[in-house]
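Nothing fancy with the numbering, it's 1 onward along the sequence.
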Amino acid sequence: MDAPQFLAEFGHIANAPGGVAQLRKLVLQLAIQGKLVEQDSSDTPARTLLKEIEAEKKRLVNAGRIKQPKSLPPIKPKEISYQLPQGWEWVRLPECYFGIGNKSNQIQTKDYLENGQFPVIDQGNNFIVGYCDDQSKLLQIDNPVIVFGDHTKNIKFIDFNFVIGADGVKVLNPYIGISAKFLYRLIQSFDLTDRGYARHFKVLNEKLIPLAPLEEQSRIVAKVDELMALCDTLKAQQQARRKLQNKLRLSTLQAVTSATSPHELQTTWARLADNFGRLFHAPEDVADLRNLILDLAANGFLSEPQADDGDPLAILSQASLQQKVEFSAREFREINALPELTHENGRFRIALGRIVKLVSGQHLSPEEYNTRQDGIPYITGPAEFKDRRPSPTKWTTERRAIARVGDVLITVKGSGVGKTALCDLEELAISRQLMAIRALANLDRRYLSICIDSAERSFQEQKFGIAIPGIGRDEVLALTVLLPSIEEQGRIVRRVDELMRLCDSLESQLRSSQKVAVRLVIGAVSSLTGIAIEQEEEPMKAPQTELIAPLRLGAAPDIKTQAPLATILARHNGEMSAKDLWQRFGGEIDAFYAQLKTEVVHGWILEPATAEMREKPAEAVSA
């Protein structure tokens, strides 16, 4: 290995996403190539070890400890991927070990003890899962062994006597002249991402092993252990640094949201802008920035009242009139329990329940819904949200709790409390895990959605209950929101859209940077080891392109006919762009075109103009 080259590459390998894992891979690759430690001409060559192994096999067979090993296929030149150092030999894995233990050594889960003399190793994680006192089940080992389970990660180096707890555990006992720790590191160096290697041990047995002289095996093991310990330290340091970065980012964002005056907001925002590169390192960091934007919007920091704006109280008056017509006695009791509004810089701080109607979801039993598209769509929770829109897979003829177009759907039970979607269906039945928040009067629905999204973390903190924690109607209705004029609500929505597009662009840049960094790391490791490392092809992602063609409803299909595209068109006035229809269809692009062709043939959708695919323009990013 070229030391200057390694040092030159070390920084960007270690600091790239997954860099420490790549360093571990590099250490193992250099180890099995004989590039990690110096060779010594006085070491016993591996060829001599193989002769000693053959002699040991005969002794073990004669003693009845193992069966006669099967003949292995000769090694073909095309199987050899690189040149080995002097004194090394290529062998197949079965030449290096014999198995010990069988079903007679196993015990069942019900026989595990919390305390006992002998540790039990199970295939699920190849570690101690219990104890056993049955001496007849004990696997006594004279030297360390390798235990290999049913998953590629379940490989352990073990140097104590133990009991096997499940079928499928492989115990690899190395022959004389082979270090168990060396063999363990060799197997670790294999790319075993395919579960087939774990499920079919035979495939693993066909792999070639670069066998080093015994003395060099010990030196390699010592150096690998030393470097792996350094990788552990580096990983811990990176985690500590990442934690500190996260705290710094959150505290900076918190300072912005806690600003109490325009001057303080300007100062804290300038501090955020000056340290942007230090605060945002990964795509997931941008989620904090999105939350900041929502908080600023919901608290009136992204806009100011204008002299020609309408009166926010007019919205409240219109909502009150609508409530008198539509609300039940119970709903009026809920409103009367809410706090009064307060004035705040030309707007009003008000309880959400005074300007919305809240529809609680209702549970439906399996016999009350179907997958035949009979009735109206029905969803049971946020698992059926897609791109913040409902994506139903069930239908019902029951009409107990119905959301309408424009309603904000909010999750009120389970771990996803506070997650929202905007209903874009004419009617939608919702389960008790959801509620629909319906804007009254002419309240801007997008502004309403911003306020509710901003409250997600608050709703998470208010969860109650043990089995299925959640929030109730009182918590949703009592949420305090800022009520600006209709005109200012529109300005806030437009500003949020603009900033969210910048977030999309930033997120995309960070994701691209990470991908480039990963590719550079893989290239550097490949360069240092001389082994070509396969990289996954970058898949074609649909969001990079869009479909341009209007689609229109033709003859209405029979209600029992499987015509999902025509059904979607019917709910949207019989016409929409191909792109929007594809997104609501929710399938792969090939499946979409196949279904479209079928429905056009039947006349349910009119023959469309030729659809073209155009590349989306890149969003400009402000500095």
Side-chain angles (χ1 to χ4, degrees), residues 256-257 259 262 265 289-323 335 338-339 341-359 385 387-390 403-411 418-425 434-459 475-504:
V256 176
T257 56
L265 176 62
L289 182 58
R290 294 184 191 277
N291 289 334
L292 169 65
I293 293 168
L294 292 173
D295 288 345
L296 292 175
N299 287 285
F301 285 118
L302 296 186
S303 178
E304 292 183 358
Q306 302 294 326
D308 56 349
D309 286 349
D311 186 354
L313 284 179
I315 302 172
L316 187 60
S317 298
Q318 292 172 12
S320 180
L321 290 173
Q322 195 171 343
Q323 288 168 344
I335 293 174
L338 297 174
L341 61 84
T342 58
H343 188 272
E344 190 174 300
N345 299 325
R347 303 106 159 190
F348 293 92
R349 184 70 64 176
I350 190 170
L352 182 65
R354 293 192 179 277
I355 50 174
V356 302
K357 178 178 177 65
L358 188 60
V359 179
F385 292 170
D387 297 328
R388 297 177 64 84
R389 296 289 189 276
R404 301 176 188 166
V405 173
D407 287 356
V408 177
L409 305 175
I410 182 170
T411 309
K419 292 190 180 303
T420 65
L422 194 63
C423 182
D424 60 349
L425 302 173
L434 303 169
M435 290 184 189
I437 303 174
R438 184 170 302 151
L440 298 178
N442 59 346
L443 182 69
D444 191 307
R445 289 164 173 77
R446 287 287 313 284
Y447 175 72
L448 174 64
S449 179
I450 288 169
C451 293
I452 296 168
D453 286 342
S454 173
E456 179 179 344
R457 285 157 292 164
S458 173
F459 285 139
E475 285 72 28
V476 178
L477 293 170
L479 172 68
T480 57
V481 297
L482 196 68
L483 182 62
S485 66
I486 289 296
E487 294 82 2
E488 188 176 359
Q489 290 175 33
R491 293 196 296 272
I492 291 171
V493 167
R494 290 190 292 274
R495 183 61 175 154
V496 169
D497 286 345
E498 176 186 345
L499 292 173
M500 288 302 181
R501 284 195 294 270
L502 291 177
C503 286
D504 292 341

Answer yes or no: is there a side-chain heavy-atom contact under 4.5 Å between Phe385 and Leu434? yes
Sub-4.5 Å side-chain heavy-atom contact between Arg354 and Leu483: no
Let me see the working for Glu344 and Arg347 under salt bridge (Lys or Arg N to Asp or Glu O under 4.0 Å), right down to the final yes or no. CA-CA 5 Å; Glu344 190 174 300; Arg347 303 106 159 190; 5.9 Å; no
Of all residues at least two apart in sequence or in a different chain, which pass the side chain to side chain contact (heavy atoms under 4.5 Å, CB included) check with Ala436? Val359, Ala403, Asp407, Leu409, Ile430
For side-chain contact (heavy atoms from CB on, under 4.5 Å), just list the numbers for Lys419 and Ile410, CA-CA rounded to whole Å, side-chain angles, deciding distance to a tenth of an Å, and then say yes or no. CA-CA 6 Å; Lys419 292 190 180 303; Ile410 182 170; over 6 Å; no
First locate atom CG of Asp444, then atom OG of Ser485, and finally report the distance between them rounded to the nearest 0.5 Å. 10.5 Å
Indicate yes or no: at least one non-hydrogen side-chain atom of Val256 is less than 4.5 angstrom from one of Phe301. no
Report yes if some heavy atom in the side chain of Gln306 is under 4.5 Å from a heavy atom in the side chain of Glu488; otherwise report no. no
Taking the side chain as every heavy atom from C-beta outward, state whether Met500 and Ile293 have any pair of such atoms under 4.5 Å apart. yes
Separation between CZ (Arg349) and CG (Leu482), nearest 0.5 Å, reads 4.5 Å
So, do Val476 and Val356 sit near enough that their side-chain heavy atoms are less than 4.5 Å apart? no
Short side-chain to backbone donor-acceptor contact, Gln318 and Leu440, under 3.5 Å: no
Going from CD on Gln489 to SG on Cys451, what distance comes out if it is rounded to the nearest 0.5 angstrom? 8.0 Å
With heavy-atom distances below 4.5 Å as the criterion, would you say the side chains of Asp295 and Arg457 are in contact? yes
Rounded to the nearest 0.5 Å, how far does CG of Asp453 lie from CG of Leu448? 9.5 Å
To the nearest 0.5 angstrom, please state how far the CG atom of Leu294 sits from the CG atom of Asn299. 11.0 Å
pair Asp424-Val405: side-chain heavy atoms closer than 4.5 Å: no
Please report the interatomic distance CG(Leu352) to CG(Leu358), rounded to the nearest 0.5 Å. 8.0 Å
Only pairs at least two apart or in different chains count here, so list each salt bridge (Lys or Arg N to Asp or Glu O under 4.0 Å) that has a residue in residues 298-319. Asp309-Arg491
